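Data block below; observations after.
The structure displayed is predicted, hence computed values, not measured ones. Computed from heavy atoms alone, side chains included, the values below leave out hydrogens, waters and symmetry copies.
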There are 2 protein chains.
Amino acid sequence: MTGRDGGRKAEQGAGRPTVRDVAREAGVSLATVDRVLNERPGVRKVTAKRVADAMARLGYQRDMAAANLSKRRHYRMAFLLAEGTNSFMHMLRDAVGNTASFTSMDRIDLRTVLVPPFDGPALAAALDALDPEEIDGVAVVATDSPEVRDAIARLSARGVYVLTLVSDAPTSMRARFVGIDNVVAGRTAAGLLGRFCPAPGRICIVMGSALLRDHVERRLGFETVIAREYPHLSCLPPIEGRDDAETVGRLLSAQLKAEPGIAGIYNLGAGNRGIVRALEERAAGPRIPVVVHELTPYARSALISGVFDAVINQDAGHEIRSAVRILKALIDGRPTFDAQESICIDIYMRDNLP
Amino acid sequence: MTGRDGGRKAEQGAGRPTVRDVAREAGVSLATVDRVLNERPGVRKVTAKRVADAMARLGYQRDMAAANLSKRRHYRMAFLLAEGTNSFMHMLRDAVGNTASFTSMDRIDLRTVLVPPFDGPALAAALDALDPEEIDGVAVVATDSPEVRDAIARLSARGVYVLTLVSDAPTSMRARFVGIDNVVAGRTAAGLLGRFCPAPGRICIVMGSALLRDHVERRLGFETVIAREYPHLSCLPPIEGRDDAETVGRLLSAQLKAEPGIAGIYNLGAGNRGIVRALEERAAGPRIPVVVHELTPYARSALISGVFDAVINQDAGHEIRSAVRILKALIDGRPTFDAQESICIDIYMRDNLP
DNA sequence: GCCGTTTTGAGTATCGTACATCAAAATCGG
DNA sequence: CCGATTTTGATGTACGATACTCAAAACGGC
């Protein structure tokens, strides 16, 4: 509750330049510096330049903490996530909730908006429903459809910074994408499954929807590496399970029955429960190596019991926090610390479960 | 330079409680609330409790930005890293440098102190040389020796928060350890190498020093899993290469020559260059799978060229930033956001290089 | 109930910035 | 070169806290 240091060691700062220093250096008044700094009208271009030069010379950096204190500014961000029972989306929602309680201290307010999954028009409508006067930044798990791209463009035009999260819409006006490189993720899955399947055979690929850019990219990466580096394996046409465990289970069961010689399974979407169920229902046969995505509770226990061999994961918490940091930087007009913001592709096996 | 939003949307805060609200609620003056908040003397216990209750009732959270602004407080942190040519230490040093330029905005000053490697007394001396009046927090890559443990205890006693980084000293008074779980890392390496080596054989283990807790723990995790789950493999006694490429190369070359039937190599310390060199010098033979630690530039190119199969990595940047966040929270007397601070064990293969 | 000692209250200045107001100065058109 | 119109300066208040001082009030012991 109270600080443990008791303020014992309050020490003076290294004395970095303030607006007053800039004013003195530029030979103008504080008011003028303030006008330049906050882009208020009534400053001649020459004067503005003198101020800008003075700032550059002194290496002035505006103290955002003081500025925000004075402005009573709150950073208001919305996260648009798909509703439904998909575990990973749940993890994202939880991550937003957890993060919110910590960012509120820094005047960052987070709001979650749920939208129907796989539904471009609905997502676009949700984006349009956001009031630019009440929101400074948005992170959206994008379906890569024209409606969504347009809605993103409208929102950006109205001064709201938009980020895509987890699944990108590269040709949209989004300021940035926060998430893993899904082509690389697919390649990684192939590198693992390729090594886990020494004998020749075919591989089942399960995906959610060809509308989701992340799924499409994973498939691309996966098939490329399998074809190039593991010629003893071949990929069956993907099953589209709509990220729904029941559908996935049914379709996969059917494929396992119909296709002989299945050497491995790669689920690049959600619905891991369906994978487990299909494998349980299967008539006896040699163990089939399985690589899936997202370390959900189900995937976790399947790893432990040995049904799954590896899980490719993206840390939902990291992604949310990264999105928050990037949006804040965009809103502040600051550069982002890119090295910090690259989301890494985590590989989990039974031995390194967190 | 200046914000792009032009302050267009300055909006009033949700109105969270301030010290004035607490004072009113508790029926005391501002001065008293301040005394309680900063643990200044001259407040009766009953009054302090009344204030604490009022804070709890209102859900008061001290505005750290405002407090720091007023205090002109700077968080001064020191990072004690091993000097030498070891690439991972270089990455840590670079990470400190990069982070410093971003944290200076938040009044966080970082300093790097280099100490000789594998030298408990020297590290202890470096810790003792820090002036508690000039440093609020320290992160140290610990050698787990009695001198170091004592020095950490002395520093903590003098009011400096101490964190161990990368390599822990669990029985010391360090407030916390920032780094990966090295037993798990060793197990993970075994899980990978075990699958990569289908044929029976022996495994070379290369470590830096038995003084480094992280190396000891990795070895433990590795040998446990190999023994339990991959009975066709057995581990040779570890080579101690002192994290030096030249030494590692020489000793490994000798072992490769002396021991027939080596099925795999696990380098759990630094000196990856030595591993590559020894493999190049080796008389022809079947390819030997290799798993190493830390994604240094050398390890990277060895992954690409196919000499290494997998690299277990800890992200130096994440670790430094996590250490900074935790130290800041400790200094502020705030709880830490633990979920955010667990450092994950990254597995890199050729296909998912960043 | 008096006296000396805590404990508490009230007020003020400060941090670095935002923002509004009013007056003074510079610039411009004609 | 005058009057109208920018552009600039000076000043004050606010943000939410810290940190002082000085005086008033409450407390404890005898």
Side-chain angles (χ1 to χ4, degrees), chain A residues 2-3 5-24 26-51 55 58 60-74 105-107 332-333, chain B residues 2-3 5-24 26-51 55 58 60-74 105-107 332-333:
Chain A
T2 60
D5 64 322
R8 173 171 55 85
K9 291 179 298 185
E11 57 285 335
Q12 74 297 358
R16 76 174 199 212
T18 74
V19 273
R20 325 181 68 86
D21 299 314
V22 175
R24 197 172 336 106
V28 299
S29 75
L30 246 102
T32 301
V33 175
D34 181 69
R35 285 175 186 123
V36 173
L37 216 41
N38 295 292
E39 293 172 349
R40 269 187 276 274
V43 181
R44 272 184 305 172
K45 277 201 292 290
V46 276
T47 318
K49 186 163 171 10
R50 264 175 48 204
V51 174
M55 294 198 312
L58 295 177
Y60 169 79
Q61 287 191 107
R62 164 204 232 141
D63 183 332
M64 274 299 169
N68 289 337
L69 171 60
S70 175
K71 278 201 252 210
R72 267 172 301 183
R73 177 190 235 305
H74 278 233
M105 281 205 339
D106 301 321
R107 305 187 145 75
D332 284 343
Chain B
T2 61
D5 66 321
R8 172 172 56 85
K9 292 179 295 188
E11 58 283 339
Q12 76 295 2
R16 77 175 197 211
T18 73
V19 274
R20 326 181 68 87
D21 300 313
V22 174
R24 197 171 336 104
V28 299
S29 75
L30 250 119
T32 302
V33 174
D34 183 66
R35 285 178 186 120
V36 173
L37 217 41
N38 295 290
E39 292 173 346
R40 269 188 280 273
V43 181
R44 274 185 304 173
K45 277 202 290 289
V46 275
T47 317
K49 187 164 173 10
R50 271 190 24 217
V51 174
M55 295 197 313
L58 295 176
Y60 170 78
Q61 289 191 104
R62 171 205 226 137
D63 183 331
M64 273 299 168
N68 289 337
L69 172 59
S70 171
K71 282 202 240 205
R72 267 171 300 180
R73 178 192 236 304
H74 277 233
M105 281 205 340
D106 301 319
R107 302 187 147 74
D332 283 343

Side-chain heavy-atom pair A/Y60, A/V33 within 4.5 angstrom cut-off = no
Heavy-atom pair of closest approach, residues B/N68 and B/R107 = O-NE, 4.1 Å
Table of protein N/O atoms under 3.5 Å from nucleotides 12-17 of chain C N/O atoms:
from: C/dC15; atom 1: O2; to: B/S70; atom 2: N; distance (Å): 3.3
from: C/dG16; atom 1: N2; to: A/A66; atom 2: O; distance (Å): 3.4
from: C/dT17; atom 1: OP1; to: A/Y60; atom 2: OH; distance (Å): 2.7
from: C/dT17; atom 1: OP1; to: A/D63; atom 2: N; distance (Å): 3.2
from: C/dT17; atom 1: OP2; to: A/V19; atom 2: N; distance (Å): 2.8
from: C/dT17; atom 1: O2; to: A/S70; atom 2: OG; distance (Å): 2.8

ask   = Where the side chain of A/S29 is concerned, which of C/dC19, D/dT18, D/dA10 is the nearest nucleotide?
value = D/dA10
query = Rounded to whole angstrom units, what separation is found between the CZ atom of A/R24 and the P atom of D/dT8?
reply = 20 Å
query = For B/R20, which residues count as a salt bridge (Lys or Arg N to Asp or Glu O under 4.0 Å) partner, sequence neighbours excluded?
reply = none
inquiry  = Can you measure B/R35 atom CZ to D/dC20 atom P for me and round it to whole angstrom units?
reply    = 12 Å
request  = For A/A65, enumerate each residue passing the side chain to side chain contact (heavy atoms under 4.5 Å, CB included) test, keeping only those at least two apart in sequence or located in another chain.
outcome  = A/D63, B/A65
query = Does the side chain of B/T32 get closer than 4.0 angstrom to OP1 or OP2 of C/dG9 through an N or O atom?
reply = yes
query = In chain order, what residues pass the salt bridge (Lys or Arg N to Asp or Glu O under 4.0 Å) check against B/D34, with sequence neighbours excluded?
reply = B/R40
ask   = Partners of B/R50 by salt bridge (Lys or Arg N to Asp or Glu O under 4.0 Å), sequence neighbours excluded?
value = none
key: Rounded interatomic separation in angstrom, taking CZ from B/R40 and C1' from D/dT21   = 13 Å
Under 3.5 Å between N/O atoms: give me all the protein pairs with nucleotides 3-7 of chain D, atom names plus distance.
from: D/dT7; atom 1: O3'; to: A/R44; atom 2: NE; distance (Å): 3.3

ask   = Which residues satisfy the salt bridge (Lys or Arg N to Asp or Glu O under 4.0 Å) test with A/D21, sequence neighbours excluded?
value = A/R24
remark   = Whole-Å distance, B/N68 CG to D/dG16 C1', equals 12 Å
remark   = Closest non-hydrogen contact found for B/Q61 with A/M105 is OE1-CG, 3.4 Å
